[in-house]
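Just so we're clear, the structure is a prediction, and the values are computed from it rather than from any experiment.
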Amino acid sequence: MTDEPDVPEQMRVRREKRARILASGGDPYPVGVARTHAIAEVKRTYDGVESGAETEDVVGVAGRVVFLRDTGKLVFAAIQDGEGERLQIMLSEARVGVESLAAFKADVDLGDHLFAQGVAGKSKRGEVSVFADKWAIASKALRPLPTLHKELSEESRVRQRYVDLIARPLARDTARRRAGVVRSLRESLHERGFIEIETPMLQTQAGGATARPFVTHMNAFDLDLYMRIAPELFLKRAVVGGIEKAFEINRNFRNEGADSSHSPEFSMLEAYEAYGDYDTMATMTRELIQGAATDVFGGTELELADGASYDIGGEWAALTLYGSLSEALGADVTPQTDLARLRQWCDAAEISVDPKRVSHGKLVEQLWEHHVGSTLHTPTFVRDFPVETSPLTRAHRSVPGLVEKWDLYVRGFELATAYSELVDPVIQRTRFEEQARLAAAGDEEAMRVDDDFLTAMEYAMPPAGGMGMGIDRLLMALTGLGIRDTILFPLVKPSDEAGA
RNA sequence: GCGCCUCUAGCUCAACUGGCAGAGCAGCUGACUCUUAAUCAGCGGGUUCCGGGUUCGAGUCCCGGGGGGCGUACCA
């Protein structure tokens, strides 16, 4: 194994060390070590010790070696644990003996997990240290660590996130912050009496959103199945059945483009509340987000990765789709504005529209996105959408041609959306049929008629508000990072060079 | 999908108009009992993403392919 020709020198050397340890009766991968203290605990406890002083407290610590310095009869090693805390280990010939120190120098590399036992104290330079009496390799690394003083290339970061997590504090923080945000959302929803349910990811037809699905196949039933594009239609079935406040935080899959704000698999929160509407959902959404910001970032004033900062506290701005578009265009746009006029504005703004999907609603939304959406940086609710593009939303209670739907925009992208849900099964059927016509005409993202869902609706769904929010995008909004940095292991195309 | 940029040692990056492929860290050998990207002496390490082509000569120029980034179009 040590004479494979293609193995780089540094890997070859580490493999030889592993073999040597085994040959001399040692164990490069012991089942455990006698760890007594976390690194942060040691640093905290002995912070008050005088420089150069040793205590009589024996501690056992373990972590990954991230720094090594051999000064002859004294060796310094810094170990790092899962929280990114570092602790200095000092190994002196006087304490461990000539032989053990020589073995340490010969066998331990940067990247190894190391265990050390000894008294806690402080070095002459004032750094909390463990003066080791004993040491052991807790796990031998066979690959060298990257340079810890330089940023890993963007590609290496996502391809080898495990290395990124070792090397880059922000990577560790982001993983923990994401966990904190998700936890905060769950707790806030639980406090409001919501019940978390899990709905199918494998579906016989992908509904609940307009998007192209991934297709897969079930062998046992010889059946083509779709990965879900949204949990909406199943969550609503649950509401019909009496789970009046239902939510799900889980993955959706959309077979579409990938860029700095789109991932083919992404996490989404959807929540439905019987006897709520799009206004109650707006309040709840704001409180969920502000709560997550407070729980994880200590408040609603956010400092972003790109240096920008903004405050998401207080009430959020609200405007209407048609009103804000009219203002931006300097002309009245209403649900009655005809297609020809909308096309002129699209041409003027050089917006190209898929000819298979041209409708009043589609053009209005594209115009709005171009002229208004990308300019909204602080959280803003955009209210009241055209009916054609919102087949699951109920008609506006006072304005004909509109539906009760809002989109929440932050930093130029859509973070969340909510409806006063359509619960009339007869209207729902005609909406589905209209979608099916679009699909037949070539619109690959249009919905299909879901008969089982319509049957459920015919048992009567209570009036309800529903909301969907992208979890990845929430992290983006709170941190300023791109979507691939908020997802720990984003999809990457295979490359022959990655790993071995 | 289209356009532009990019791929060189384990990692991060150099290499002019085509002319011996280099540095820092990391590695190996040695010195040093307070280092913390230590210092000192020495030594290794390359399919320059892959496949063709032009040329006396290609990391560099041309063609094809792959990975990555940015912009643009669509979706959240």
Side-chain angles (χ1 to χ4, degrees), chain A residues 5-14 16-17 51-52 66-78 86 88-95 101 105-106 109-111 122-127 129 131 141-160 163 167 209-213 229-230 252-270 350-354 356-357 362 365-366 369-370 407-409 413-417 443-445 468-474 476 482-484 492-498 500:
Chain A
D6 292 343
V7 176
E9 181 197 20
Q10 302 201 39
M11 283 181 63
R12 205 195 66 233
V13 166
R14 283 167 165 78
E16 285 166 0
K17 288 179 180 177
S51 293
V66 292
F67 178 82
L68 276 176
R69 186 68 62 226
D70 173 4
T71 69
K73 297 185 175 64
L74 179 66
V75 173
F76 298 88
R86 293 184 177 190
Q88 179 161 279
I89 310 297
M90 292 168 67
L91 297 107
S92 67
E93 193 179 278
R95 278 184 177 274
L101 191 64
K105 292 181 188 181
D109 285 303
L110 286 176
K122 258 191 186 173
S123 69
K124 288 180 191 167
R125 296 285 170 88
E127 183 157 348
S129 305
F131 298 87
L142 296 185
R143 288 174 186 266
L145 243 33
T147 305
L148 296 176
H149 317 286
K150 296 272 189 180
E151 289 263 285
L152 219 48
S153 69
E154 212 164 328
E155 186 175 356
S156 302
R157 282 195 221 164
V158 290
R159 281 196 192 280
Q160 297 187 282
V163 178
T210 52
R212 262 181 279 182
I229 56 174
N252 291 338
F253 307 87
R254 297 190 184 174
N255 205 344
E256 288 164 351
D259 60 32
S260 61
S261 61
H262 296 85
S263 169
E265 58 176 316
F266 62 101
S267 292
M268 190 140 151
L269 160 67
E270 283 204 12
E350 293 182 349
I351 298 168
S352 64
V353 182
D354 182 346
K356 291 187 184 117
R357 304 180 62 192
K362 191 73 198 164
E365 286 187 18
Q366 294 230 331
E369 173 58 35
H370 182 266
D407 276 358
L408 174 62
Y409 269 74
F413 58 80
E414 187 185 337
L415 172 59
T417 188
D443 183 345
E444 291 180 76
E445 296 181 4
M469 175 160 59
I471 300 293
D472 319 282
R473 291 196 161 188
L474 176 55
M476 290 164 63
I483 200 165
R484 279 156 69 92
V492 276
K493 283 199 199 179
S495 142
D496 296 338
E497 298 166 48

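Where A/T71 and A/F67 each meet RNA chain B at their nearest nucleotide, the meeting point lying more 5' is that of A/T71. Both A/A106 and A/T210 lie close to RNA chain B; mapped to their nearest nucleotides by heavy-atom distance, the more 5′-ward contact belongs to A/A106.
Atom CD1 of A/I89 is separated from atom C1' of B/U33 by 17 Å (rounded to the nearest Å). The distance between atom CD of A/E93 and atom C1' of B/C34, rounded to the nearest whole Å, is 16 Å. Per the geometry, NE2 belonging to A/H370 stands 15 Å off C1' belonging to B/C74, to the nearest Å. The interatomic distance linking A/F131 (CZ) with B/U33 (C1') rounds to 11 Å, in whole Å. Per the geometry, CD belonging to A/E369 stands 14 Å off C1' belonging to B/U72, to the nearest Å. In this structure, A/E414 places its CD atom 14 Å from C1' of B/C74, rounding to the nearest Å. Distance CZ (A/R12) to P (B/G44): 14 Å, rounded to an integer number of Å. Nucleotide B/G30 holds its C1' atom 13 Å from the NZ atom of A/K73, rounded to whole Å.
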How does RNA chain B look in dot-bracket form if you count Watson-Crick and G-U pairs under 3.5 Å, write [ ] for pairs that cross, and put | where a base pairs with another strand? (((((((..((((.....[..)))).(((((.......))))).....(((((..]....))))))))))))....

Please lay out, stage by stage, how A/M469 and A/L415 fare under the test side chain to side chain contact (heavy atoms under 4.5 Å, CB included). CA-CA 6 Å; A/M469 175 160 59; A/L415 172 59; 4.2 Å; yes

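The C1' atoms of B/A41 and B/U47 are separated by 34 Å, rounded to the nearest whole Å. Spacing of C1' atoms, B/G46 relative to B/A26, comes out at 16 Å, to the nearest Å. Separation of the P atoms belonging to B/G65 and B/C4 is 14 Å when rounded to the nearest angstrom. Spacing between B/G45 and B/G22 at atom P, rounded to whole Å, works out to 12 Å. Distance check on atom C1': B/G67 versus B/A23 gives 26 Å, rounded to whole Å. Taking atom C1' in both B/U8 and B/G59, the straight-line distance is 7 Å, to the nearest Å.
Counting any heavy atom pair closer than 4.0 Å across all strands shown, A/M268 reaches no nucleic acid atom. Among the protein residues, A/A94 comes within range of the nucleic acid bases, having at least one heavy atom under 4.0 Å from a base atom. Looking at heavy-atom distances under 4.0 Å, A/K124 makes contact with a base. Counting any heavy atom pair closer than 4.0 Å across all strands shown, A/Q366 reaches sugar-phosphate atoms only and no base atom. Contact annotation for A/Q88: base contact, defined as any heavy-atom pair under 4.0 Å involving a base atom. Within 4.0 Å of A/S260, counting heavy atoms only, lies no atom of the nucleic acid at all. Residue contacts shown for A/R95 are absent, as no nucleic acid heavy atom lies under 4.0 Å away.
With hydrogens and angles left out, the side chain of A/D259 and the base of B/C70 share no donor-acceptor pair within 3.5 Å. In this model, a side-chain donor or acceptor of A/E127 finds a partner on the base of B/U36 within 3.5 Å.
Applying the side chain to side chain donor-acceptor pair (under 3.5 Å) criterion to A/R86, with sequence neighbours excluded, gives A/Q80.
Scanning all heavy atoms of the two residues, the minimum distance from A/K17 to A/D109 falls at NZ-OD1, 2.7 Å. Scanning both residues, A/I229 and A/F253, for their nearest heavy atoms gives CG2-O, 3.3 Å. Here the closest non-hydrogen pair linking A/S51 and A/G126 is OG-CA, 3.1 Å.
Among the nucleotides B/U36, B/U12, B/C32, the one closest to the side chain of A/D70 is B/C32. Considering only the side chain of A/S123, B/C34 comes nearest among B/C11, B/G68, B/C34.
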Using nucleotides 24-27 of chain B, report all nitrogen or oxygen pairs with the protein that are shorter than 3.5 Å.
unit_1 : atom_1 : unit_2 : atom_2 : d
B/C25  : O2     : A/T147 : OG1    : 3.1
B/A26  : O2'    : A/Q10  : OE1    : 3.0
B/A26  : N3     : A/Q10  : NE2    : 2.7
B/G27  : O4'    : A/Q10  : OE1    : 3.3

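A distance-only check finds no donor-acceptor pair linking the side chain of A/Q88 to the backbone of A/F76 [under 3.5 Å].
There is no side-chain donor-acceptor pair under 3.5 Å between A/E445 and A/T210.
Under 4.0 Å is where a charged nitrogen must lie from a carboxylate oxygen, and between A/R484 and A/E154 no such pair does.
The 12-atom threshold is exceeded at NZ of A/K105, counting heavy atoms of other residues, nucleotides or ligands nearer than 6.0 Å.
In this structure, OG in A/S263 is found 11.0 Å from CG in A/N252, a value given to the nearest 0.5 Å. Once rounded to the nearest 0.5 Å, the distance linking CG of A/L110 with CG of A/L68 reads 4.5 Å.
Between A/S156 and the phosphate of B/U12, there is a side-chain N or O to OP1/OP2 separation shorter than 4.0 Å.
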